[in-house]
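Below is one structure, written out as structure tokens; comments come after it.
Counting convention: from 1, in listed order, for ligands and their atoms alike.
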Amino acid sequence: MSIDTLDRESLGSLLSTQRAAYEDLRSRGLALDITRGKPSPAQLDLSHELLSLPGDGDYRSADGTDTRNYGGLEGLVELREIFSELLGVPVAQLLAQGNSSLTLMHDTLVWALLHGFPESSRPWAAEETVRFLCPVPGYDRHFTLLESFGIEMIPVDMREDGPDLDQVAGLVATDPTIKGMWLVPTYANPTGGVTSPEVAARLMAMPAAAPDFRLFWDNAYAVHHLSDEESAASDVLSVAAAGGHPDRVLIFASTSKITYAGAGVAFFGSSPANVAWFKSHLKFASIGPDKVNQLRHVRLFRDADGVRALMRRHRDLLAPKFDVVDEVLRDRLGPHDVATWTRPTGGYFVSLDVVDGTAARVVELAKGVGVALTPAGASFPYGKDPRDRNIRIAPSFPSVDDVRAAMEVLATCVLLAAAEKALA
Ligand code: PLP
């Protein structure tokens, strides 16, 4: 029965049942962690061949380049061809770089701050104020990165089909200090939302008060499907050109959750003008990326279908964990109407909204019985969830049994905190 309809006596009884369950959990001495979206060891093992690739004597790329040497700032063309197909970016406009797309986002921001984009009247750092729109809940590292540079963050709501366009379009059209916006278009972190083609088209066509406004299109989960409903990456560069803003979008992606999170390959894609701008700064930082790593990825994947096949094997390992999250939340919380949560068809996270004002308490309670959850508020700029209700669940790393045990604890803590609040 919904917690809202319970009288004080029934609430008291719910509270004592959950307290007893909580004490029982404490006695079990659990040590579980569902904080970070890391691939599990079994997922890393799917790419075990990488450890012996490209193999003895195999170091030449398709055009005969010795990958062991300096050079080739753009990255190996055969790897860019594979990801051109998967990310919907022309090969000539796609760069393959080091292991982290977050580093590419960081460097892009640094260059924007120090030099500005081609159409900027001055470097962003010379502006009195620089602001970014941040769809929430969102990826915590996007927010901490901006915070580290003193860029102000304005939250906008993230919906199932992308960011709230009325909020976004209104702000971007009128405030010239808004220079950028984050977006995880496919299976967003943490909601799993997928930006629809209609929303993408409007984002690319909307007027912007800042002539150098940029959309940071972080397609980290472009091929990370959890169901047969496989959302394809949209040809966002053509959509941007059709919307009259060919230079608006900067695309980032990586193989961190395809092969090795610590030793993959990251990609940057954009318009010819933005790619030239990117390379004009990159050339001072590097004489070329790790092409041996790129070559071993080419040997592992062979082609875009090789990536798709590997991602299906990831799905086989991940989908049961997401099923368990939904099953436990549905069984334990459904009857009490104390929470809503997402059922993503891809990506790495589930976003859980508990009773307003109780998320921090839930995380504290879970910690008390040995379950580490992402800090409440982490998915919001400055770590502040104004309603203190959102919790990000990352089920990829622990085993299915551990995910189940952690979710049982989480459900007990959500109910306990909800009953405490209702009786307070
Ligand atoms: N972007 C998003 C949305 C993520 O969730 C993550 C990792 O969790 C990253 C980027 C990190 O990417 P990389 O490993 O390529 O730096």
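The cationic atom of Arg80 (NZ for Lys, CZ for Arg) does not lie both less than 6.0 Å from the six-membered ring centre of Phe267 and within 45° of the ring axis.
Both the backbone and the side chain of Ser101 come within 4.0 Å of ligand 1, judged by heavy-atom distances.
Using a distance-only test at 3.5 Å, with no hydrogens or angles considered, a donor-acceptor pair links the side chain of Ser399 to the main chain of Asp402. In terms of modelled atom types and a separation under 3.5 Å, the side chain of Gln294 and the main chain of Gly75 share no donor-acceptor contact.
Within the listing of ligand 1, atoms 13 (P), 14 (O), 15 (O) sit less than 4.0 angstrom from a heavy atom of Ser256. Annotation for ligand 1: atoms under 4.0 Å from non-hydrogen atoms of Ser254 are 13 (P), 15 (O). Interface of Ser100 with ligand 1, defined as ligand atoms under 4.0 Å from a residue heavy atom, comprises 15 (O), 16 (O). Atoms of ligand 1 found under 4.0 Å from any heavy atom of Val184 (numbered from 1 in listed order, with element): 3 (C).
Partner Ser61 forms a side-chain contact (heavy atoms from CB on, under 4.5 Å) with one of Val298, Asp66, Leu76, Val292 and no other, that one being Leu76.
The salt bridge (charged side-chain N to carboxylate O under 4.0 Å, His left out) test applied to Asp161 returns no partner, not counting sequence neighbours.
Between atom 5 (O) of ligand 1 and the options Phe267, Tyr221, Tyr187, Trp182, the minimum heavy-atom separation is to Tyr221. Comparing Lys257, His224, Arg141 against atom 7 (C) of ligand 1, the shortest heavy-atom distance belongs to Lys257.
The six-membered or imidazole ring of Tyr221 lies near that of Tyr348, with a centre-to-centre distance under 6.0 Å.
Backbone and side-chain nitrogen or oxygen atoms of Asn189 are examined, and one is located within less than 3.5 angstrom of a nitrogen or oxygen of ligand 1. An N or O contact shorter than 3.5 Å links Leu102 to ligand 1 by distance.
Ion pair Arg404/Glu327 flagged as a salt bridge, since at least one NZ, NE, NH1 or NH2 atom sits closer than 4.0 Å to an Asp/Glu carboxylate oxygen.
For residues 228-252, the ring pair (Phe, Tyr, Trp, His ring centres under 6.0 Å) pairs, not counting sequence neighbours, are Phe216-Phe252, Phe252-Phe268.
The protein heavy-atom contact nearest to atom 3 (C) of ligand 1 is Asp218 OD2, 3.4 Å. Counting protein heavy atoms only, atom 11 (C) of ligand 1 is closest to Tyr139 OH, 3.5 Å.
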